[in-house]
4 protein chains.
Amino acid sequence: MKKDDITTEEKIINASIELFSEKGFDSTKTSEIAKNAGIAEGTIFRYFKTKKDILMSIVTKAIQFFSEKFVVIPLNKILHTEKPEEEILFDLLKDRYGMITKNFSIIKVVGTEALTKEKIREKLVEHIAIKTLEIGEEFYQQGVEKGIFRDLPPRTVVRSLFGSIMMLIAEQQFLPDDKKSKDVDNEIRMIVEIFINGIKSRKEQ
Amino acid sequence: MKKDDITTEEKIINASIELFSEKGFDSTKTSEIAKNAGIAEGTIFRYFKTKKDILMSIVTKAIQFFSEKFVVIPLNKILHTEKPEEEILFDLLKDRYGMITKNFSIIKVVGTEALTKEKIREKLVEHIAIKTLEIGEEFYQQGVEKGIFRDLPPRTVVRSLFGSIMMLIAEQQFLPDDKKSKDVDNEIRMIVEIFINGIKSRKEQ
Amino acid sequence: MKKDDITTEEKIINASIELFSEKGFDSTKTSEIAKNAGIAEGTIFRYFKTKKDILMSIVTKAIQFFSEKFVVIPLNKILHTEKPEEEILFDLLKDRYGMITKNFSIIKVVGTEALTKEKIREKLVEHIAIKTLEIGEEFYQQGVEKGIFRDLPPRTVVRSLFGSIMMLIAEQQFLPDDKKSKDVDNEIRMIVEIFINGIKSRKEQ
Amino acid sequence: MKKDDITTEEKIINASIELFSEKGFDSTKTSEIAKNAGIAEGTIFRYFKTKKDILMSIVTKAIQFFSEKFVVIPLNKILHTEKPEEEILFDLLKDRYGMITKNFSIIKVVGTEALTKEKIREKLVEHIAIKTLEIGEEFYQQGVEKGIFRDLPPRTVVRSLFGSIMMLIAEQQFLPDDKKSKDVDNEIRMIVEIFINGIKSRKEQ
DNA sequence: CATGAATGAGAATTCATTCAT
DNA sequence: TATGAATGAATTCTCATTCAT
């Protein structure tokens, strides 16, 4: 692996992700992709038959990547650990938070396209959303069986927790600096705490 | 005022919302808007200088509409009621859920544009996001003062609850029928319950 | 003749002359003509089949008007007077200058159109240019016969004098105030003087 | 540098000058420019952002070109010569006549635009009209100082002579062949003669 | 393989003209 | 007769894609 070992195809993909996430697919011109990638416009079409193929390549790679990261890896973590559930949850969510944040550009691209393209939405739902929920539900069920968690509808629990984390990510991505939380680690910890213990005052119980 | 009193401008706006939300702004042709609105293509430009102006009009109207619905109205509901907090929350979230679901097309349009357009994002954050959070935080603080809620960071609590509801909405909008929850009312009730009581087994306490 | 005795057709013509001379025929929209004339856009087409017909009407009227003013009237003045030639010339040119200046808008319109429209140019040449030259030449010939003027090619003399006056008009119309001559009467008098006596120093003779 | 070294941009400019001068800017379609230039319509917009930019490019280039030809070059001719004034004038005017006639298309384009566009008119006045007058006045003043010319208002003299030449050009450009002068050289010579000696019969003096 | 000028199909936009009221 | 909203043909302009070098 030499230093400049980035292929022309990768240059195109990277430039495209950056521009698509900034301005959207349709508003990004192939001339801009070329300039951003440091290549000639015509060169793009030696690697991708059409502009749409670039998008599809990004989407396909992203779904593969995230389906692996979200689905395969956590399974092992969850099943083979002795830590308390609160810790497991914190680790898991922090890991997810980091991964989503690090790859936010590509997620924005895929997510935006999913809004209007049935096919992409279906793949996203099938390969990531459903499986992620299933793993979460599995984890929750184990807790229920161990008597750690109450016997609530797992889907509802998992979906809600995931929503809380997504909202934290949205806040960090879209709010101006002076409006967003500073200590993300602590935010994640608080979210887990709230989920586990609820917000009701102890006096009430 | 005759029976079919829908102005040409409204026809254009409605057709545009439908198409923009389905296919996105750029992929929607003005010829399609015209056909969908049942008017000639040229007529569009008597009402909107450019295609982009249609989008801007939709966004502006939407922000006005939702800023009123989300910000002004709930304040009264929250401050002048004697119901238990759990009921207030349920009513409020159900109301929000209904409103978002009913106007999902327009929200999709505005949301999608906000992803790539700084200006729109700023307006959305300023007029809706921040204010909605503030009202939620106000409500939570009152509960804390009354000793009903624990003294947790209000922003975190509100954001998490809002995220949970948004995820329910996303599920309902994007998952295929066989994968999504059937009884939304009950889902909302569960979400409130989880938030208030947490998921920890009673035995643990 | 009541005060507001200006017909709708005249309103359209006047508004059109003003706008055509300011912005050109093609750049003037019928909507602007209507607004300027204080009528509805559709009304224009009750009086003129097409926008081009307005222009043609203006051009035709203008050619009629100027052909009368330039050709018929001066003939009499020239033939039935006892004043010295220098005075006749001054009177004639001052009269022409005033008429052109007063009607400059309409002349600008007709002139501009003549540049690109063969038909209009032909009419202008036939009905005004040639006849004006002929009258001038006739006047000059009389002077030659009387021994007042040298026997020079009449066309050259008349054309040159007319050019000098036109250039004065151009200066007055197009130069900024601080660059143009103040005393037009005197300018005309000077032009006549130069033509009659030349610019050569007397010492030289 | 190959034989047919005319750039695409030049093709567009040349085709545009030809068409604009024939039919006017607004009546010339970009499709016609493309056909006339032997290129695809879209190619035009690789070189000029808008159709108007073609016009502006022509105007700018023309003003530069003529300001150089009219202002810089003649100064030297006038100041460094020993010929009699009549000869200098004839040479100068013949030179101007040739240049204007050769570039009449482009002058027609710029002139027409100047009639309706303040900005262009200002540039034309500032860079060409005023300077040309100044040079003429300088030349005349020298003659006055040498005692060759009478002490008349230089502006009036120069403007009038320039007007006479312009009218000759107009005649040549716009009158039908059978109506216009045949021997232009002689016409120019006559104009100079008339200016220098006037039209008054010698007997009168 | 890379280039970038040229292409042309397709989209947005303009505006004179029509016509129901 | 006057109106002005609606029309749609005509035009400008965009940009992904091609292809000769």
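A note on names: the letters A, B, ... follow the listed sequences, proteins ahead of strands, and every chain is numbered from 1.
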Self-check item: C:Phe45 side-chain proximity, nearest of F:dT7, F:dA2, E:dA16
Solution: E:dA16
Self-check item: Salt bridge flag under 4.0 Å for residues B:Lys23 and B:Glu32
Solution: yes
Quiz item: Do you know the tightest heavy-atom contact between D:Ile54 and D:Ser16?
Solution: CG2-OG, 3.3 Å
Quiz prompt | 5' precedence on DNA chain E between B:Ser31 and C:Thr30 (nearest-nucleotide basis) | solution = B:Ser31
Quiz item: What's the closest nucleotide to the A:Thr43 side chain, out of E:dT7, E:dT3, E:dA16?
Solution: E:dT3
Quiz prompt | Whole-Å gap separating P (E:dG10) and CG (B:Asp26) | solution = 18 Å
Quiz item: Distance check: side-chain N/O of C:Tyr47 vs OP1/OP2 of F:dA2, anything under 4.0 Å?
Solution: yes
Quiz item: Which whole-number value in Å describes the distance from A:Ile33 CD1 to F:dT17 P?
Solution: 10 Å
Self-check item: Intermediate values then yes/no, side chain to side chain contact (heavy atoms under 4.5 Å, CB included), B:Ile120 and B:Leu115
Solution: CA-CA 9 Å; B:Ile120 296 177; B:Leu115 287 174; over 6 Å; no
Exercise. Whole angstrom is fine here: how far is it from NZ in B:Lys51 over to P in F:dC13?
Key: 18 Å
Self-check item: C:Leu19 CG - E:dA16 P separation (whole Å)
Solution: 12 Å
Quiz item: What's the closest nucleotide to the D:Thr8 side chain, out of F:dT17, F:dA16, E:dA6?
Solution: E:dA6
Quiz item: Taking for each residue the nucleotide of DNA chain F with the nearest heavy atom, is it A:Thr28 or C:Ile39 whose nucleotide lies nearer the 5' end?
Solution: C:Ile39
Quiz prompt | Rounded distance in Å - CD (B:Glu32) to P (E:dA11) | solution = 8 Å
Quiz prompt | Separation of atom NZ in B:Lys29 from atom C1' in F:dT14, rounded to whole Å | solution = 11 Å
Quiz item: Is the shortest distance from a Lys or Arg side-chain nitrogen in A:Glu126 or A:Lys123 to a carboxylate oxygen in the other one below 4.0 Å?
Solution: no
Quiz item: Which base sits across from F:dA10 as a Watson-Crick or G-U pair, both distances under 3.5 Å?
Solution: E:dT13
Exercise. Quickly work out the B:Lys35 NZ to E:dA11 C1' distance and round it to whole Å.
Key: 15 Å
Practice problem: Would you kindly give the CD1-to-P distance between C:Ile44 and F:dG4, to the nearest whole Å? | Solution: 12 Å
Quiz prompt | Options E:dG8, E:dA16, E:dT13, nucleotide nearest the side-chain atoms of C:Glu41 | solution = E:dA16
Exercise. Kindly point out which of E:dA16, F:dT1, E:dA5 is positioned nearest to the side chain of C:Arg46?
Key: F:dT1
Quiz item: If you look at every heavy atom in D:Ile128 and D:Ile63, which pair is closest and at what distance?
Solution: CD1-O, 4.0 Å
Exercise. Searching all strands shown, indicate the nucleotide that pairs with F:dT18 (Watson-Crick or G-U wobble; both distances under 3.5 Å).
Key: E:dA5
